[in-house]
Amino acid sequence: MPKQVIFHIDVNSAYLSWEAAYRLQHGAKIDLRNVPSAVGGDSATRHGIILAKSIPAKKFKIKTGETLFSARQKCPTMIIVPPNYELYMKCSNALLKLLKEYSPKIQRFSVDECFMDMTKMDKFWGPPLKVAYEIKERIKKELGFTVSIGISTCKLLAKMASELKKPDGVTTLFLEEIEEKMWPLPVEDLFMVGPATTKKLHSYGIHTIGALAQTDPRFLQNRLKSHGLLIWNYANGRENSPVRENVAFEIKGIGNSTTIAFDIDNLKEAKMVLLSLVETIGGRLRKGGWAARLIAVTFKTSDFRVISHQRKFSTPVDCTNIIYQRVEELFSECWNGEHLRHLGVKVGELCTNDFTQLSLFNWNQERLRKLDKTVDRIRKKYGAKALIRSSFLHSGISPLSGGIIEDYPLMSSIL
DNA sequence: TCTGGGGTCCTAGGACCC
DNA sequence: TCTGGGGTCCTAGGACCC
């Protein structure tokens, strides 16, 4: 089998770059990328965290995920702009379209990252490095933002490579280069080594990717179970998952959750938020042609403890009303009145919602499905908020919540 | 004016069965 | 008289990614 050639394309400070490019096109005088700036949520509704930051903001040690409060303390003059997911979606799609000119085999890893299988593509485009530079320059010229491209023989090393030169870089990281380029890096820079694992590794005296690579894998497996073996393999550049084109039916579950602008302390409001989440989930389920057997509720208390409760039901459902009935039941089984800052609903164990084949129909459910169908049609035609439940009027709670815009590509954390 | 949202996978422990 | 063990399914919680 010939050696694979894999590219990883990573948009530099994606949300911020896209925001900056858009603003320049619309007459902005300054380029957000050249000043301390960030894309962040709204503190007033308790969504106040940094989603993306500029390179000058990085110099102030601003981190993604930290509170705007903390970020402003570090850099009071920082410009913070709100997110615009529709724009990011358009930019992401434009990127994908350009990349598809170079290879048909592309895995969209997230809104701002793609893997490309460039194996045997040299007969069309010449050597990998040459085409990588061409792609990078075209994106800059035609789309107005920079990317970093990593090149290797597997997805993991390609991804690690793209991290090495930012912004606007092309870097190779072949197996024979890992000792020099990857092993000196701090162990937390390795894909799949997060805060919890970093802490454990440090306690074993492992601080670099190289040190991890040279640790006895049995030791790691003892302490960290399968995850220990996984990161040991990654540290040694061992990974061989294929670039897989994203397929809708591979989705395992659908979840929507929301942090409420105020703490909730009564069942009536909690139920309203749950219903608003189920409305969104139901719509997404039916749009994909799925029904779900597993239903789960999650909540976060005002002191940030997370509690979840789930159940597998014998019949799969796709009706908003029935899902809500189950969610209500689950919620009342696990909530003891604590103040809530966040509520979530998830469904899983998906199957096709072709109930005529499953013969799970009953008369009542058929009526509800017709109702859902009508609601879906009206919302599709006139917009999501064209039809809302009257109970939400003047409630201060959004009738449809959770979520992001349609078809937003958020894939998985796994290669 | 303090801490988002949407995913996937893994593990421990309990229930249950043979 | 003095407490099997293996397998599977289920749930809650936690890890990781972007």
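Residue numbers start from 1 in every chain, and the chains themselves are labelled A, B, ... in the order their sequence lines are given, proteins ahead of strands.
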Looking only at N and O atoms, is any donor in the side chain of A:Arg46 or the base of B:dT1 less than 3.5 Å from an acceptor on the other one?
no
Could you check which of [options] has an atom nearest any side-chain atom of [X]?
| X | options | value |
| --- | --- | --- |
| A:Phe69 | B:dT3, B:dG4, B:dC2 | B:dC2 |
| A:Phe191 | C:dC18, C:dA15, B:dG5 | C:dC18 |
| A:Ala196 | C:dA15, B:dC2, C:dC18 | C:dA15 |
| A:Phe109 | B:dG4, C:dC18, B:dG6 | C:dC18 |

OP1, OP2 of [N] versus side-chain N and O of [X]: anything below 4.0 Å?
| X | N | value |
| --- | --- | --- |
| A:Thr258 | B:dG4 | no |
| A:Asn256 | B:dG6 | yes |
| A:Ser70 | B:dT3 | no |
| A:Lys159 | C:dC18 | yes |

Ring geometry between A:Phe331 and A:Trp335 (parallel below 30°, tilted from 30 to 60°, perpendicular above 60°):
parallel
Take the protein atom CG of A:Leu51 and the nucleotide atom C1' of B:dG5, then report the distance between them rounded to whole Å.
9 Å
Under the rule for salt bridge (Lys or Arg N to Asp or Glu O under 4.0 Å), what residues qualify as partners of [X], not counting sequence neighbours?
| X | result |
| --- | --- |
| A:Glu19 | A:Arg23 |
| A:Lys312 | A:Glu349 |
| A:Lys200 | none |
| A:Asp265 | none |

Give one of base, sugar-phosphate or nothing for [X], where a contact means two heavy atoms less than 4.0 Å apart.
| X | value |
| --- | --- |
| A:Lys225 | sugar-phosphate |
| A:Asp42 | nothing |
| A:Gly253 | sugar-phosphate |

Under 6.0 Å between ring centres, would you say that holds for A:Phe115 and A:Phe109?
yes
Where at least one partner belongs to residues 137-178 of chain A, residue pairs that pass ring-ring contact (aromatic ring centres under 6.0 Å, His included), sequence neighbours excluded
A:Trp18-A:Phe145
Nucleotide by nucleotide, nucleotides 7-13 of chain C touches protein heavy atoms under 4.0 Å in the pattern (B base, S sugar-phosphate only, - none) ---SSSS
Side-chain ion pair, A:Lys287 and A:Asp376, N-O less than 4.0 Å
no
Stem finding on DNA chain B, please: runs of three or more consecutive Watson-Crick or G-U wobble pairs, both distances under 3.5 Å, sorted by first number.
B:5-18 with C:5-18
Between A:Asp303 and A:Ser226, just flag the one whose closest nucleotide in DNA chain B comes earlier from the 5' side.
A:Asp303
When you measure from every atom of DNA chain B, which of residues 327-345 of chain A have a heavy atom less than 4.0 Å away?
A:Arg341, A:His342
Going by the side-chain hydrogen bond (donor to acceptor under 3.5 Å, both in side chains) test, which pairs reach into residues 216-234 of chain A, not counting sequence neighbours?
A:Asp216-A:Arg218
By side-chain contact (heavy atoms from CB on, under 4.5 Å), which residues pair with A:Asp303, not counting sequence neighbours?
A:Thr301, A:Arg305
Qualifying residues under ring pair (Phe, Tyr, Trp, His ring centres under 6.0 Å), relative to A:Phe69, sequence neighbours excluded:
none
Quote, to the nearest angstrom, the C1' distance that separates B:dC2 from C:dC16.
24 Å
Taking side-chain hydrogen bond (donor to acceptor under 3.5 Å, both in side chains) as the definition, give me every residue that meets it alongside A:Tyr22, ordered by chain and number, with sequence neighbours left out.
none
